[in-house]
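Just so it is clear, the values below take in all heavy atoms, side chains as well, and ignore hydrogens, waters and symmetry mates.
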Amino acid sequence: MMTLATSLGAFLLLLSIVPTITEVVTSILMCNHFLLGGNPPDIPGILINGQILNQNRYKVICQTYNNNRRFVTLYDITYKIPVFSAYKYTGDLSKDRPATPWKIEPQLENMAAGEDMQNDNAKFPHNYQAADADYNGQNLWDRGHLFPVSHAYNTDDKISTCTLTNTVPQAKTCNRGKWRVDEKRMKNAMDINCINNNKNIEGFVPEHSPAPTTYSTTGSIFLFKSGRHSAATTATRSSGCQARS
């Protein structure tokens with residue numbers, strides 16, 4: 001079940017045209033300002049009370065663009081897909097989707113590689129993350145954002161969502177059909193319901209604490225296999241609003 005907005009079925013995230021600093025950190029709490037009440041969701045077998053149960057497999061990425069943190073991702077380096085991306089929705093100032101190359105996270109391969117996110121290319125090792133080439137040569141799957149471009153506030157925020165560390169394989173018919181409709185419904189719900197004490201829009205996705213008004217839609221299963229990685233995941237998008245005092 002979902003809280004105060006809408007529930008959907010997977011997410012989407014991050015790309016950029018200039019070097020981007022993306023930090024791989026040791027705790028989800030280091031980027032908890034993107035979580036409702038600062039509380040990460042409990043995910044059985046993965047994340048409990050803010051503690052990652054297997055830190056060798058699951059990595060926290062503070063997704064940063066132009067020296068500003070934009071959202072946070074918990075990433076599975078075994079299946080090479082994000083477990084979730086959490087972000088704060090504050091409206092949509094820039095309506096257009098920017099053109100930018102897909103990015104990868106060098107620190108997932110080698111912590112000594114430095115913090116700058118890089119454009120993906122075939123020469124870069126992809127031992128612990130998906131490659132842009134994984135999606136080429138097939139007609140079934142899109143690069144499905146967990147943090148949707150349409151939920152990002154300005155151009156820099158939208159660029160930051162276009163990283164392969166924020167995407168799951170999503171059926172094209174779903175991504176370009178019902179899923180897009182659901183994203184708009186969720187956005188409209190937050191525009192109306194998620195108004196903070198300063199009269200500004202402030203919604204959190206995904207949320208952890210329950211909210212009084214709920215509704216949901218069915219989730220979707222995403223399955224993708226290539227020479228580099230295989231993954232199957234069921235994902236649900238949820239949103240919540242900070243309680244007003």
Side-chain angles (χ1 to χ4, degrees), residues 7-16 20 22-25 28 31 34-35 40-47 52-63 70-87 101-109 117-120 124-149 151 160-176 179 182-183 205-206 218-238:
S7 143
L8 313 117
F11 313 109
L12 328 167
L13 261 219
L14 175 43
L15 51 99
S16 83
T20 301
T22 297
E23 303 169 79
V24 177
V25 297
I28 196 76
C31 291
F34 298 109
L35 302 164
D42 281 345
I43 304 173
I46 298 176
L47 182 67
I52 300 171
L53 302 185
N54 184 349
Q55 295 196 8
N56 291 323
R57 176 172 177 176
Y58 301 102
K59 304 297 182 181
V60 179
I61 306 173
C62 295
Q63 304 280 16
R70 310 288 171 166
F71 59 96
V72 60
T73 299
L74 183 62
Y75 196 78
D76 182 343
I77 63 172
T78 298
Y79 283 151
K80 301 182 180 180
I81 54 172
V83 177
F84 70 81
S85 288
Y87 58 95
W102 287 98
K103 302 287 186 179
I104 45 81
E105 173 46 55
Q107 283 192 341
L108 287 178
E109 306 295 335
M117 184 180 296
Q118 298 178 7
N119 292 342
D120 191 25
F124 193 87
H126 297 87
N127 297 316
Y128 301 108
Q129 60 192 306
D132 193 30
D134 289 331
Y135 292 88
N136 297 336
Q138 52 79 36
N139 296 313
L140 295 177
W141 311 104
D142 273 344
R143 300 160 183 82
H145 290 69
L146 297 195
F147 179 8
V149 177
H151 286 196
S160 78
T161 69
C162 298
T163 174
L164 291 163
T165 57
N166 178 49
T167 64
V168 294
Q170 185 174 19
K172 288 186 177 182
T173 53
C174 176
N175 187 40
R176 304 178 189 192
W179 192 249
D182 283 345
E183 283 182 359
V205 186
T218 57
S220 298
I221 294 176
F222 301 93
L223 175 63
F224 181 57
K225 294 185 178 181
S226 75
R228 287 196 176 87
H229 68 105
S230 63
T233 181
T234 300
T236 302
R237 179 179 292 131
S238 63

Drop me the distance from [X]'s [atom1] to [Y]'s [atom2], to the nearest 0.5 angstrom.
{"X": "Lys80", "Y": "Leu108", "atom1": "NZ", "atom2": "CG", "value": "11.0 Å"}
{"X": "Thr167", "Y": "Tyr135", "atom1": "OG1", "atom2": "OH", "value": "4.0 Å"}
{"X": "Thr173", "Y": "Trp141", "atom1": "OG1", "atom2": "CH2", "value": "8.5 Å"}
{"X": "Thr165", "Y": "Lys103", "atom1": "OG1", "atom2": "NZ", "value": "11.5 Å"}
{"X": "Gln129", "Y": "Ile77", "atom1": "CD", "atom2": "CD1", "value": "10.0 Å"}

Side chains of Thr73 and Gln63 only: does a donor on one sit below 3.5 Å from an acceptor on the other?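 Looking only at side-chain atoms, Gln63 and Thr73 do form a donor-acceptor pair, the distance falling under 3.5 Å.
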
Donor-acceptor pair, distance only, cut-off 3.5 Å: does the side chain of Asp142 make one with the backbone of Gly144?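 No, the answer is negative, given that no donor and acceptor are paired below the 3.5 Å cut-off.
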
Which heavy atom in [X] sits nearest to a heavy atom in [Y], and how many Å separate them?
{"X": "Ala130", "Y": "Leu164", "value": "O-CD1, 3.9 Å"}
{"X": "Phe84", "Y": "Ile28", "value": "CZ-CD1, 4.0 Å"}
{"X": "Asp120", "Y": "Ala133", "value": "OD2-N, 4.4 Å"}
{"X": "Ser85", "Y": "Pro206", "value": "O-CD, 3.2 Å"}
{"X": "Tyr87", "Y": "Pro148", "value": "OH-CD, 3.4 Å"}
{"X": "Asn136", "Y": "Arg143", "value": "OD1-NH2, 3.3 Å"}

Please name the residue in the list Leu74, Leu53, Asn54 that meets the side-chain contact (heavy atoms from CB on, under 4.5 Å) test with Ile46.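 Among the candidates, only Leu74 passes.
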
Do Ile104 and Phe124 pass the side chain to side chain contact (heavy atoms under 4.5 Å, CB included) test, and can you show the C-alpha distance, the side-chain angles, and the key distance before you say yes or no? CA-CA 9 Å; Ile104 45 81; Phe124 193 87; 3.5 Å; yes

Quick one, Ile61 and Pro82 - any side-chain contact, counting heavy atoms below 4.5 Å?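 They are not in contact (no side-chain heavy atoms under 4.5 Å apart), so the answer is no.
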
In the structure I gave you, are the side-chain heavy atoms of Leu47 and Tyr58 within less than 4.5 Å of one another anywhere?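 A side-chain contact under 4.5 Å is absent here.
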
How about Tyr128: does its OH atom have over 12 heavy atoms from other parts shown lying under 6.0 Å from it?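 Check fails, neighbour count at 12 or below.
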
